[in-house]
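Indexing begins at 1, ligand by ligand and atom by atom, following the structure's order.
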Amino acid sequence: MPAFFCYNQVKLKAEEAPAIETPHTAANFIYAIIREDLKQNKNAGRVHTRFPPEPNGYLHIGHAKSICLNFGAALEFGGKCNLRFDDTNPAKEDTEYVDSIRADVRWLGFDWEDRLYYASDYFPRLYDFACRLIEKGLAYVCDLSAEEIRAYRGTLTEPGRESPYRERSAAENMDLFQRMRAGEFPNGARVLRARIDMASPNLNLRDPVLYRILHQAHHRTGDAWCIYPLYDFAHPLSDAIEGVTHSICTMEFEDHRPLYDWLTDNLIEENPPRQYEFARLDLTCTIMSKRLLRHLVEEGVVSGWDDPRMPTLSGLRRRGYTPEAIRNFCERIGVAKANSLVDTALLEYCLREDLNRRAERRMLVLRPLKVVIDNYPPEQIEYLEAENHPDSPEAGVRLIPFGREIYIENEDFMEDPPKKYFRLRPGGEVRLKHAYIITCTDLVRDDAGRVSEVHCLYDPLSKSGGPNAGRKVRGTLHWVAARESVPLEVRLYDSLLQDAPENPEAEEDGDLFSRLNPASLEVCRECRGEPALAAAGPGERFQFLRLGYFCADSRDAAFGHPVFNRIVGLRDTWAKIAQAQ
Ligand code: ATP
Ligand code: MG
């Protein structure tokens, strides 16, 4: 089994990881189980999975792991994967979330075909299942309050006590349950509980609650129901209703599996679904909890669920991430049982790898400094050829204007630079990408004494194809023509958190807010880009030379004035690590 970087380690840094595997080689124990099941012709050779989000928030990158695993299993083994909304809790759910989840799964590249389901569609059948349990003496209506139930449950070291209502007859239970459904009792007055074992070492088996009374409208079923099933009851039975064979979920449900099995053993005759747990994805410096993400949105810390700093799929999409990069990342991290923290650098590595291949190159200056080329004819504009992609000649070339006045990056000029500064300095020479070599001869200061303009001379013979084109110069700068360039806004991002949560599950909102990175967003409003960039459509991605990969924002842009999000910089620690090994 190929070793990979997320196994059996609580925390894993890029530096500690072994060399990068090619896709399809990372270990996936779930696929191994399915392969074995197929060999034994279990479930008559069927493989059927589901992705079951609760529509109470937007999907995040952690969900992508589950989506890739579930839909990926169907693709790998010629099976099927359903999209099922686990919408059994009317209090927190909303159709906005349903719509966003559908869009996100599609965007990731997966297809549920005609199998889009809602657990709420099963409410009548789930009710019938509950009645069957009552008839079999396996469920009872309990009048204890929520606090009493908790007090009776016992602890990990002490058994629970049986409810005084546990011995009600099937007929009485049926009558009460029907009246619960008919709306005769207020919220919290009664619950339906499984009758299993109050002394079980597994707390989940101590007569768990299956149904509760909640007089609240549901986003799909309206006022049709005033009792709602709990997740642990609804989930295995929804799986069974859909013919799911492998119900794949995260490790926190491991202790719930005996209840899953108890329900299917007692209610499902043929080919009951089986639950398998895998380690959830956690990423360094990334929040992976819908509750906390919702909090950031509600508190206005971010501009919305699709803020490009959010680890939501809609945020990553708006930022410019590609579904291919995310799928590739999910493939590479593999699937194991030990929880681990994956370095965000790996996700960025997968992203750069994809963007490098597909993004055309352009030039843009983030913080412009004017350069006047004194020996260039004042009114002349020439158009220089620039390749769109250095590795793909088929991407063609474009013409970029060059004139007497250009802009370079402010930080690419230093009056008194340290050693090994290969950019522009007084008396120094640099090459302008796709253009000429220039030499700095003079500078102009503003009233505050800052350099506001640099004067240079250019070597007319140093253009590509010219006799001095091969002349050796240490630095190459990006630039744009001053007059012919277009003004643009660019947003640079850093991670939302300064560090990763020690224990993401136990994260308190207060801790979260104290760890927010105050520098997660920098807006550059004075940028200048080459003219072609004015026509960039929403979602179009480019590499801006020396600056990274950028994507035209899909929300905040006016016609002819795109706003660019930096997707990721060019620095690639992961690639260096891989090379060094
Ligand atoms: P939260 O982020 O609030 O913990 P959740 O896990 O309850 O949300 P669901 O809508 O129930 O969100 O998740 C749908 C599926 O995605 C579940 O099967 C769940 O196990 C899986 N999932 C959720 N978070 C992750 C994660 N970080 N890594 C892998 N799978 C995940
Ligand atoms: Mg959940």
Side-chain angles (χ1 to χ4, degrees), residues 6 28-30 49-73 81-89 91-94 96-98 100-102 104-105 108 110 112 117-120 230-232 234-236 238-239 242 244 246-257 260 273 275-298 305 310-316 326-327 329-331 333-342 344 347 500-501 503-509 512:
C6 70
N28 182 329
F29 81 98
I30 300 268
T49 56
R50 85 286 169 268
F51 173 64
E54 189 182 349
N56 61 352
Y58 282 59
L59 298 180
H60 52 60
I61 179 78
H63 292 114
K65 177 175 179 182
S66 176
I67 295 169
C68 290
L69 178 54
N70 279 294
F71 282 93
C81 180
N82 302 351
L83 175 61
R84 181 201 313 146
F85 287 101
D86 193 350
D87 57 349
T88 52
N89 181 1
K92 292 193 214 148
E93 296 161 3
D94 198 284
E96 176 197 347
Y97 301 135
V98 169
S100 74
I101 290 168
R102 293 173 61 161
D104 287 346
V105 175
L108 264 187
F110 297 107
W112 54 84
Y117 300 124
Y118 294 85
S120 57
L230 273 92
Y231 173 89
D232 278 343
H235 202 81
S238 302
D239 284 341
E242 293 176 13
V244 164
H246 298 80
S247 181
I248 307 169
C249 62
T250 35
M251 287 310 291
E252 64 267 27
F253 294 103
E254 191 175 30
D255 290 346
H256 299 236
R257 183 164 14 103
Y260 188 106
Q275 175 181 303
Y276 302 92
E277 309 87 22
F278 70 99
R280 49 181 284 124
L281 168 66
D282 280 304
L283 275 177
T284 53
C285 299
T286 307
I287 308 163
M288 217 74 94
S289 143
K290 277 190 279 189
R291 182 178 62 80
L292 294 177
L293 292 173
R294 188 181 315 110
H295 208 89
L296 294 177
V297 174
E298 284 166 357
W305 285 97
M310 290 282 270
T312 52
L313 294 180
S314 51
L316 297 174
I326 294 175
R327 290 203 304 263
F329 168 74
C330 290
E331 189 80 49
I333 56 177
V335 178
K337 265 189 173 292
N339 280 328
S340 65
L341 187 60
V342 177
T344 306
L347 177 59
N503 179 359
E505 288 299 304
E507 185 82 349
E508 294 293 333
D509 297 9
L512 175 71

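- The shortest N/O to N/O separation between Lys65 and ligand 1 does not fall below 3.5 Å.
- At least one N or O atom of Thr250 sits closer than 3.5 Å to an N or O atom of ligand 1.
- Between atom 29 (C) of ligand 1 and the options Cys249, Pro52, Gly62, Cys68, the minimum heavy-atom separation is to Gly62.
- Considering every non-hydrogen atom in both Arg257 and Gln275, the closest pair reads CD-O, 3.5 Å.
- Proximity to Met288 (heavy-atom distance under 4.0 Å) selects the following atoms of ligand 1: 2 (O), 27 (N).
- Compare Asp86, Leu281, Asp282 by their heavy atoms: the one nearest to atom 28 (N) of ligand 1 is in Leu281.
- Donor-acceptor pairing under 3.5 Å is lacking for the side chains of Glu54 and Tyr97.
- Comment: Glu242 engages Arg84 in a salt bridge, judged by a side-chain N to carboxylate O separation of less than 4.0 angstrom.
- Every atom of ligand 1 with a heavy atom of Ser66 under 4.0 Å away is listed here by number and element: 16 (O), 21 (C), 30 (N).
- Atoms of ligand 1 found under 4.0 Å from any heavy atom of Ser289 (numbered from 1 in listed order, with element): 2 (O).
- No N or O atom of Glu252 sits closer than 3.5 Å to an N or O atom of ligand 1.
- Under the 4.0 angstrom criterion for non-hydrogen atoms, His60 is in contact with ligand 1.
- In terms of modelled atom types and a separation under 3.5 Å, the side chain of Arg327 and the main chain of Leu108 share a donor-acceptor contact.
- The distance from atom CG of Leu293 to atom OH of Tyr58, rounded to the nearest 0.5 Å, is 12.5 Å.
- Counting atoms of ligand 1 from 1 in the listed order, those under 4.0 Å from a heavy atom of Glu54 are 9 (P), 10 (O).
- Between Pro53 and ligand 1, a contact under 3.5 Å exists for no N or O pair.
- Interatomic distance, NZ of Lys92 versus CG of Asp94, reported as 13.5 Å (0.5 Å rounding).
- Where the criterion is an N or O separation shorter than 3.5 Å, residue side chain and backbone included, Asn56 fails it with respect to ligand 1.
- In this structure, the side chain of Ser289 engages the main chain of Arg291 through a donor-acceptor pair within 3.5 Å.
- What you find for Pro311 and Thr286 is that their closest heavy atoms are CB-CG2, 3.4 Å.
- Counting the atoms of ligand 1 from 1 in the order shown, those under 4.0 Å from a heavy atom of Phe51 are 14 (C), 15 (C), 16 (O).
- Between His63 and Phe51, the ring planes are perpendicular. Angles over 60° get that label, and only those under 30° would be called parallel.
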